[in-house]
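Accompanying notes for the structure given below.
Keep in mind that what you see is a predicted model, and the values were worked out from it rather than measured.
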Amino acid sequence: MTDAAEATDTVEQREVRLGKRQRLLEQGEAYPVGVPVTTTIGSLRERFPELEPDTRTGERAGVAGRVVHLRNTGKLCFAALQSGDGSRIQAMVALDSVGDTSLADFKALVDLGDQLFVAGDVITSRRGELSIQVDEWRIAAKALLPLPNLHSELSEETRVRSRYLDLIVRPEARRMVHARAAAVSSLRATFARRGFIELETPMLQTQQGGASARPFRTASRAYDTDLFLRIAPELFLKRAAVGGLERIFEINRNFRDENPDATHSPEFAMLEAYEAYSDYQGMADLTQELVQQSALAAGGSEQIEWFDGTRFDVGGTWDRISMYPSLSEASGIEITPETPLSELVALTDRLEIEVPHPIRGKYVEELWEHFVKKTLERPTFVMDFPVDTSPLVRDHRSIPGVVEKWDLYVHGFELATGYSELADPVIQRQRFVEQAALAAQGDPEAMRIDEDFLRALEFGLPPTGGMGMGIDRLLMVLTGENIRETILFPLVK
RNA sequence: GGGCCUCUAGCUCAGUCGGUAGAGCAAGGGACUUUUAAUCCCUGGGUCGUGGGUUCGAGCCCCACGGGGCCCA
């Protein structure tokens, strides 16, 4: 075994790089406070898109980026620098331009993954690659750990656990971040155009409410009380509506202690909006506009192109179908709000559909999902839900037994929901009492009686339309990716 | 909550019938002034998730636990 081999025998890659850091510190800095950049890699790429090979622009530039390729030859070294937006430029470090010492240092001290500053003339190589003919370079930040190999996909676990590496290595990860930012910013712009203001309502709540879901529990020492992380902001936003805030929305996190899957994350970003003197039809109009504007902002078109190349069209006016008639048509069996529970039970048994919460409306919803959901190709509002699964929604103005609620289905999952809000405090109390009975039977997702909210309703909620939309799911629609990819840092144990 | 799959080098993965550990990239030494996953020569790197069991012998078979994924409820 040679001396060199013996030396590396016990030395991990990190140890080697720690040694290089030490050498950098001895002759200067390994983590300087700044480097004199004059421009960005992206703007150089934009300004010099297609130069002939062997062009000398005569322009000098200083840029910094992460070293993502390194090819050291005898007297001429090549490094590809990548900036945060993914744009790259080649640095050419030649003996003629930097001299013996600097070239030797470059070979000895620069590793894949380092943050590197280079300055020199902007040229193209003989192969036509846009490059900096380096006459000055310095380490902008020494990397101690090696970058993952750039030629195979990161495993899903590594992607999620080390998203910073994912962002360096995978363009789709960067695209997702920007698509999300653009979509959320577009939602806020659409609301602003329509005269809505953004509120922030409590995340820590003394009582679970606003949705049917199992909450996370926590506690306050100072208040000496149990608390819930919110499962929905609805009851607070409606209190605000009672107070006269007529056009409001909130974009914030909800938390639900449920099994995660491709469309469910324990913490997820939610949009809710309420508009006085609107109703569920008006909120459907608003929702369509919100989604279409987001598609334009994130991808430039209502004809979305997903990351995998699939096309998905969210343009035009979306269909509005009614739950009971669409179910009757698809199943060939007449099903109405009057259909007895026994018939619904017999039907689901025959089809071997499991119904988790055995109330009449749940059977109808499960049957609807069985028969109709898969047949929807375009974004579709499914209107007029059973009353007993929708405790916060007002009865339909003309059809008995259903409520003025829609779910928006896009690409097989529920993207949004909208209501004509229940404003009658007496009926709202009855609905809460029914829910409390379910809770007493052990249903952890059932709503609880919220006396403070009922008191607010007794002061008079104007006729109001409301809608809610999952932001992560909106990004799934805009990108075609799994919910965990839409969230920068999803929960991992 | 139930079922199935998975965990091997820094990263991504192979590993046959149970016989003592492999590749590519990355890393160390050397050569190279136009490379594009550079090339060429040489070299090092492993508690095979953890703990138990079976066996002369376990990465491989069995059990438990843990991480991750998929499907179902």
Determine yes or no for a side-chain-to-main-chain donor-acceptor pair under 3.5 angstrom, with Asp308(A) supplying the side chain and Thr310(A) the backbone.
yes

Picking from A26(B), U34(B), G68(B), the nucleotide nearest the side-chain atoms of Ser125(A) would be U34(B)

Is the phosphate of U12(B), meaning OP1 or OP2, less than 4.0 Å from a side-chain N or O of His151(A)? no

What is the nucleic acid contact for Ser155(A), judged by heavy atoms within less than 4.0 Å: base, sugar-phosphate only, or nothing?
sugar-phosphate

Please work out if Asn259(A) contacts a base, only the sugar-phosphate, or nothing of the nucleic acid, heavy-atom cut-off 4.0 Å. base

Here the salt bridge (Lys or Arg N to Asp or Glu O under 4.0 Å) pairs for residues 81-107 of chain A, sequence neighbours left out, are Arg23(A)-Asp105(A)

task = Could you give the distance separating U50(B) and C7(B) at their C1' atoms, to the nearest angstrom?
result = 11 Å

Sorted by number, residues from residues 42-64 of chain A placing a heavy atom under 4.0 Å from RNA chain B are none

Taken to the nearest whole Å, CZ/Arg170(A) to C1'/C11(B) is 15 Å

What N/O pairs connect the protein and nucleotides 3-7 of chain B at under 3.5 Å? Give each pair on its own line.
none

From the candidates U36(B), U12(B), C70(B), the one with an atom nearest any side-chain atom of Ser152(A) is U12(B)

P-based separation of U47(B) from A21(B) [nearest Å]:
13 Å

Residue set satisfying side chain to side chain donor-acceptor pair (under 3.5 Å) with Arg431(A), at least two apart, ordered chain then number -> Asp395(A)

Across all chains, not counting sequence neighbours, the side chain to side chain donor-acceptor pair (under 3.5 Å) partners of Arg161(A) are Glu157(A)

Taken to the nearest 0.5 Å, the spacing of Glu153(A) CD from Thr158(A) OG1 works out to 11.5 Å

Residues Val291(A) and Met469(A): closest non-hydrogen pair is CG2-SD, 3.7 Å

Among the nucleotides C11(B), G28(B), U34(B), whichever has the atom closest to the side chain of Lys20(A) is G28(B)

Closest to the side chain of Val492(A), out of G10(B), G28(B), G68(B), is G68(B)

For Glu354(A), report the nucleic acid contact type (base, sugar-phosphate, nothing); a contact means any heavy atom under 4.0 Å.
sugar-phosphate

Provide the distance between the two C1' atoms, one in A26(B) and one in G44(B), to the nearest whole Å.
-> 13 Å

Between the CG atom in Asp472(A) and the OG1 atom in Thr486(A), the distance rounded to the nearest 0.5 Å is 4.5 Å

Taking atom P in both U8(B) and C13(B), what distance in whole Å separates the two?
9 Å

dist Leu408(A):CG -> Leu415(A):CG (nearest 0.5 Å) comes out at 5.0 Å

Glu366(A) and Thr348(A) side chains, donor-acceptor separation under 3.5 Å | no

For nucleotides 48-50 of chain B, give me every protein contact, N/O to N/O, under 3.5 Å, one pair per line with atom names.
none

Original post:
Under 4.0 Å between a side-chain N or O of Arg88(A) and OP1 or OP2 of U36(B)?
Top reply: no

Taken in chain and number order and not counting sequence neighbours, the residues that satisfy side chain to side chain donor-acceptor pair (under 3.5 Å) with Arg170(A) are Asp166(A), Glu485(A)

Give me the distance, rounded to whole Å, that separates A38(B) from C4(B) when you measure between the P atoms they each carry. 44 Å

What one should report as the nearest heavy-atom pair of Val433(A) and Ile449(A) is CG2-CD1, 4.1 Å

What interatomic distance, in whole Å, is found between P of C60(B) and the corresponding atom of A9(B)?
15 Å

Taken in chain and number order and not counting sequence neighbours, the residues that satisfy salt bridge (charged side-chain N to carboxylate O under 4.0 Å, His left out) with Arg311(A) are Glu305(A)

Sorted by chain and residue number, the side chain to side chain donor-acceptor pair (under 3.5 Å) partners of Thr380(A) (sequence neighbours excluded) come out as none

Residues of residues 93-123 of chain A with a heavy atom under 4.0 Å from any atom of RNA chain B, listed by number, are Leu95(A), Asp96(A), Leu112(A)

Picking from G69(B), A38(B), G28(B), the nucleotide nearest the side-chain atoms of Glu156(A) would be G69(B)

Regarding the side chain of Pro146(A), the nearest nucleotide among G10(B), G28(B), A37(B) is G10(B)

Separation of U12(B) atom P from Glu153(A) atom CD, nearest Å, is 11 Å

Phe78(A) meets the ring-ring contact (aromatic ring centres under 6.0 Å, His included) criterion, sequence neighbours left out, with none

Contact check, residues 158-166 of chain A vs RNA chain B, heavy-atom distance under 4.0 Å, returns Thr158(A), Arg161(A)

